[in-house]
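Heads up, the thing below is written out as structure tokens.
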Amino acid sequence: LAAGFVAAILAVAGTSALQAENGWSHTNYLTFSAPVALPGVQLPAGTYVFELAMPSSERHLVRVTSRDRHQIYLTAFTNLVPRPRDLSRKQVVTFGEAAKGNAPPIKIWYPQGGGDGREFIYK
């Protein structure tokens with residue numbers, strides 16, 4: 001049920017990136033066709049920049065901004081999690097469950113081209 005809901009609301013229209021020294025993307029542009037949630041914030045449908053705030057660090061700090069980068073929606077520490085072997089390389093987010101009528105929370109962001117994901121911490 002959750003997977004079907006996610007497929008219906010998520011449209012990753014384009015995930016482009018700035019390439020880092022290690023050859024994988026630290027920045028992804030993600031487009032959502034319906035509202036989604038992150039810790040402490042709900043994002044309306046639209047395009048957002050997901051990036052590692054400190055790519056050369058081991059701190060796993062993720063920043064989410066508006067497409068033009070003028071609005072910062074979230075800067076938060078995340079947990080590093082391995083990408084499941086059966087998860088498509090094209091899938092860049094997974095969602096948690098939400099009550100009916102609420103925006104689904106983004107559980108994990110998998111930077112395009114990179115192996116490990118960044119799990120958002122909800123209280």
Side-chain angles (χ1 to χ4, degrees):
L1 180 62
F5 181 70
V6 169
I9 67 156
L10 175 66
V12 180
T15 306
S16 57
L18 302 173
Q19 293 299 314
E21 320 75 56
N22 64 0
W24 67 271
S25 168
H26 293 292
T27 302
N28 296 156
Y29 294 83
L30 303 181
T31 299
F32 300 95
S33 60
V36 295
L38 287 167
V41 65
Q42 181 170 311
L43 304 175
T47 300
Y48 299 92
V49 178
F50 281 62
E51 63 188 336
L52 294 179
M54 300 171 62
S56 61
S57 166
E58 293 295 321
R59 293 200 170 102
H60 314 297
L61 192 62
V62 172
R63 180 174 36 236
V64 178
T65 64
S66 59
R67 182 182 183 98
D68 64 7
R69 297 177 188 259
H70 286 114
Q71 175 73 41
I72 298 173
Y73 294 102
L74 176 75
T75 302
F77 289 102
T78 58
N79 295 319
L80 186 65
V81 295
R83 174 184 284 274
R85 291 178 192 237
D86 60 343
L87 185 68
S88 166
R89 286 284 188 196
K90 292 182 179 186
Q91 184 172 340
V92 293
V93 294
T94 60
F95 290 92
E97 293 185 25
K100 185 175 181 178
N102 290 339
I106 297 174
K107 186 175 178 181
I108 302 172
W109 166 53
Y110 295 98
Q112 184 179 19
D116 294 330
R118 303 309 189 274
E119 179 182 39
F120 293 100
I121 302 166
Y122 292 87
K123 293 184 180 187

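Note: hydrogens, waters and symmetry copies are ignored here, and every other heavy atom, side chains too, is used.
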Here the pair of heavy atoms bringing Ala103 nearest to Ala98 is O-CB, 3.6 Å
CG of Leu74 to CG of Leu38, rounded to nearest 0.5 Å, is 5.5 Å
Correct closest heavy-atom pair for Ala34 and Ala45 would be N-CB, 3.7 Å
**Request:** Would you please test Val92 and Leu30 for side-chain contact (heavy atoms from CB on, under 4.5 Å) and show each step?
**Result:** CA-CA 9 Å; Val92 293; Leu30 303 181; 3.5 Å; yes
For Val49 and Arg67, the nearest pair of non-hydrogen atoms, with its separation, is CG2-O, 3.8 Å
Next item on the list: Would you sort out whether Thr65 and Arg63 count as a side-chain contact (heavy atoms from CB on, under 4.5 Å), showing the intermediate values?
Entry: CA-CA 7 Å; Thr65 64; Arg63 180 174 36 236; 3.7 Å; yes
Problem set entry | Tyr29 ring center within less than 6.0 Å of Tyr48 ring center | no
**Asked** Are Val41 and Val64 connected in the hydrophobic side-chain network, where two residues link if heavy atoms are under 4.5 Å apart?
**Response** yes
Just wondering, do Pro105 and Phe95 contact through their side chains at under 4.5 Å, heavy atoms?
-> no
Check: side-chain contact (heavy atoms from CB on, under 4.5 Å) between Phe32 and Thr47: does it pass, once the steps are laid out?
Finding: CA-CA 6 Å; Phe32 300 95; Thr47 300; over 6 Å; no
Query raised in the report: Does the side chain of Tyr110 come within less than 4.5 Å of Pro84's, by heavy atoms?
Result: yes
Exercise. Taking it one step at a time, do Glu119 and Thr78 satisfy side-chain contact (heavy atoms from CB on, under 4.5 Å)?
Worked result: CA-CA 5 Å; Glu119 179 182 39; Thr78 58; 5.6 Å; no
For Asn28 and Pro111, the nearest pair of non-hydrogen atoms, with its separation, is OD1-CA, 3.3 Å
When you group the ILVMFWY residues by side-chain heavy-atom contacts below 4.5 Å and let the links chain together, are Leu43 and Ile72 in the same group? no
- Task: Report the C-alpha distance between Arg118 and Glu51 in whole Å, list the side-chain angles of each, state the deciding distance to 0.1 Å, and finish with yes or no for salt bridge (charged side-chain N to carboxylate O under 4.0 Å, His left out).
- Result: CA-CA 10 Å; Arg118 303 309 189 274; Glu51 63 188 336; over 6 Å; no
CZ of Arg83 to CD1 of Ile108, rounded to nearest 0.5 Å, is 10.0 Å
pair Asn79-Ile121: side-chain heavy atoms closer than 4.5 Å = yes
For Phe120, the ring-ring contact (aromatic ring centres under 6.0 Å, His included) test, sequence neighbours excluded, returns none
Hits for side-chain hydrogen bond (donor to acceptor under 3.5 Å, both in side chains) against Asp68, two or more places apart or cross-chain, chain-then-number order -> Ser66, His70
TODO: May I ask you to test the Ile106-Phe50 pair for a side-chain heavy-atom distance under 4.5 Å?
DONE: yes
When every non-hydrogen atom of Pro104 is compared with those of Pro35, the smallest separation belongs to CD-O, 3.6 Å
